[in-house]
Amino acid sequence: MRISVYMLSGLVALAMSQSTAAAKRLGPPIEDLQSTPDRIRIVVVEARDKPAPGKIRFAVSDRLSGEAPDEVLLRTDDLSFADVTVGESYVVAWSYLRRNRQVIGGWEEDPDGPYIVSVLGLGSTALFEGTPEMRYLFATGNLTDTAAADQQINALLAQMQRADARSRGLVIAELWLRKDLTEQMNPRQIAIIKDVLQTEDLEPQHRDYLLQSAYRLPAEQTAPWLGEELRKIIIQNGTQYDLRSFVPALVITAAEGLRHAGSPSDIALLSILLYSNNPGVSKAALATMDYFDPKAAKAKAEQAMARGWIHSETRHALDRYLRSAGA
């Protein structure tokens, strides 16, 4: 007997993270940013000054997509404003248009002036380190020949190893949504994925997407470290989460990932997740337990029901599972 896998798809999680995402097919973020050069301009800049809170003046040194003046004053959020250092180089995607479905074309000039756009699905601003790798990635786009793919992988991985969270999130999401690239990775490149996953300050959302990329890699190249990473995520995050955070989605990905990188010996660890305050986590754990050993999964479900320390939605899911198992 096998139950349906209860999945919180990374694609759905991404699409829900912005109000406009549901109306647009989600693609690799670099491609998305490059897709409307008439509306979104991508430039290499130097930060000149900060003339007012939330506003940064940039000198444009290179135009990677769309037209742009030699200097532009851009609005941005408080965090990005604080992170920008005057005199430093950045790659920035910006627009002077805002959405207005009441006008022809659906866009109008923003009366508040141009602004740094957000990356669809990540929610962070499109303000990235002006590294050679970041410039290369935006300059080349999605090339398909083998040599170009290898260079793109190397550029993504080099940027991924740097600490800037916005740039790291962009390249991790790019790799996740570029299955063609993960299929061409060599052992040296896979070893870098392992190292980045072991970075302590990796944000939960970024770790989630990088794990999903790792699931596409050959099992002989990810054993045993991938399974160990998944177990560590489950142990470190426990069962009670901030439901506004991306942590539940990460734990779901880890629980589901043990199908690829785990074994029946993980049932004891997975059973702890039946007591999660997020029913999706409990359902994912139950599905993986059932995949390995339906009898053991049934016993753990019965135990959780008897103890009664479970979310009401989890109780309903376990009840359905046990009834289908003939309990």
Side-chain angles (χ1 to χ4, degrees), residues 2-17 26-29 121-122 149-150 152-154 156-157 160-161 168-199 202-237 246-267 269-270 273 276 278 280-293:
R2 290 286 182 266
I3 63 172
S4 299
V5 180
Y6 295 88
M7 297 184 67
L8 176 63
S9 165
L11 185 61
V12 173
L14 267 173
M16 291 180 64
S17 66
L26 187 72
L122 291 175
D150 189 64
Q152 285 186 300
I153 293 168
N154 288 334
L156 289 169
L157 294 176
M160 201 179 294
Q161 294 175 85
R168 178 185 276 168
L170 179 82
V171 295
I172 286 176
E174 184 76 11
L175 185 64
W176 173 54
L177 289 165
R178 291 285 306 279
K179 183 180 178 182
D180 60 305
L181 295 184
T182 51
E183 290 175 343
Q184 300 181 59
M185 293 181 71
N186 60 44
R188 178 190 63 80
Q189 294 163 336
I190 292 173
I192 295 175
I193 295 292
K194 173 186 175 182
D195 290 342
V196 175
L197 279 170
Q198 293 176 345
T199 302
L202 194 63
E203 294 186 8
Q205 184 184 26
H206 301 164
R207 191 181 300 277
D208 185 350
Y209 301 154
L210 191 55
L211 281 175
Q212 293 185 55
S213 295
Y215 295 163
R216 299 196 292 257
L217 300 172
E220 62 271 18
Q221 295 290 331
T222 60
W225 60 263
L226 183 55
E228 293 169 353
E229 182 66 27
L230 300 179
R231 296 179 189 103
K232 182 173 73 172
I233 288 169
I234 292 172
I235 292 170
Q236 289 183 340
N237 287 287
F246 213 87
V247 171
L250 171 61
V251 178
I252 287 172
T253 294
E256 293 172 347
L258 283 174
R259 284 189 175 201
H260 305 276
S263 69
S265 63
D266 291 310
I267 287 177
L269 175 62
L270 287 163
L273 298 180
S276 167
N278 182 291
V281 170
S282 303
K283 295 171 185 178
L286 180 63
T288 299
M289 288 161 49
D290 179 84
Y291 174 82
F292 284 131
D293 187 338

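Values in this document were obtained by computation on a predicted structure and should not be read as measured data.
- Rounding to the nearest 0.5 Å places CG of Leu170 at 6.5 Å from CD of Glu174.
- Taking each heavy atom of Asn237 and Leu250 in turn, the nearest pair found is ND2-CD2, 4.4 Å.
- Side-chain contact between Leu211 and Ile233: present, with at least one pair of heavy atoms (C-beta onward) separated by less than 4.5 Å.
- Residues passing the side chain to side chain donor-acceptor pair (under 3.5 Å) test with Thr182 are Arg216, sequence neighbours excluded.
- Within the 4.5 Å cutoff, the side chain of Met160 has heavy atoms near those of the Ile193 side chain.
- The side-chain heavy atoms of Arg168 and Thr199, taken from C-beta on, include a pair separated by under 4.5 Å.
- Between Gln161 and Asp195 there is no side-chain heavy-atom pair separated by less than 4.5 Å.
- Rounded to the nearest 0.5 angstrom, Leu270 CG and Ser265 OG are separated by 9.5 Å.
- With sequence neighbours excluded, no residue forms a salt bridge (charged side-chain N to carboxylate O under 4.0 Å, His left out) with Glu203.
- Annotation for Ile252 and Asn278: closest pair CD1-OD1, 4.3 Å, computed over non-hydrogen atoms.
- In terms of the side-chain contact (heavy atoms from CB on, under 4.5 Å) criterion, residue partners of Glu183 (sequence neighbours excluded) are, by chain and number, Lys179.
- Contact detail for Gly121 and Gln205: the closest heavy-atom pair is O-NE2, 3.2 Å.
- Not a single donor-acceptor pair under 3.5 Å links the side chain of Tyr291 to the backbone N or O of Leu258.
- Ala214 approaches Thr222 most closely through the heavy-atom pair O-CG2, 4.1 Å.
- Summarising the geometry, atom CG belonging to Leu175 is positioned 13.5 Å from atom OH belonging to Tyr209; distances are rounded to the nearest 0.5 Å.
- For the residue pair Gln212 and Asp208, a side-chain donor N or O sits within less than 3.5 Å of a side-chain acceptor on the partner.
- Ring planes of Tyr215 and His260: parallel class, angle under 30° (limits at 30 and 60°).
- Between Trp176 and Ser213 the shortest heavy-atom distance is CA-OG, 3.0 Å.
- A distance of 10.0 Å separates CE in Met289 from OG in Ser282, rounded to the nearest 0.5 Å.
- Scanning for side-chain contact (heavy atoms from CB on, under 4.5 Å) contacts around Asn154 gives Asp150, Arg188, Gln189, with sequence neighbours left out.
- Put simply, CD1 on Ile172 and CZ on Arg207 are 9.0 Å apart, with the number rounded to the nearest 0.5 Å.
- Every side-chain contact (heavy atoms from CB on, under 4.5 Å) that Pro218 has, sequence neighbours left out, goes to Ile190, Glu220, Gln221.
- Every residue was checked against the salt bridge (charged side-chain N to carboxylate O under 4.0 Å, His left out) condition with Lys194, not counting sequence neighbours, and none meets it.
- In terms of the side chain to side chain donor-acceptor pair (under 3.5 Å) criterion, residue partners of Asp266 (sequence neighbours excluded) are, by chain and number, Arg231.
- Taking every heavy atom of both residues into account, Ala287 and Arg259 meet most closely at O-NH2, 3.4 Å.
- Going from atom CG of Asp293 over to atom CD1 of Ile267 covers 4.5 Å, rounded to the nearest 0.5 Å.
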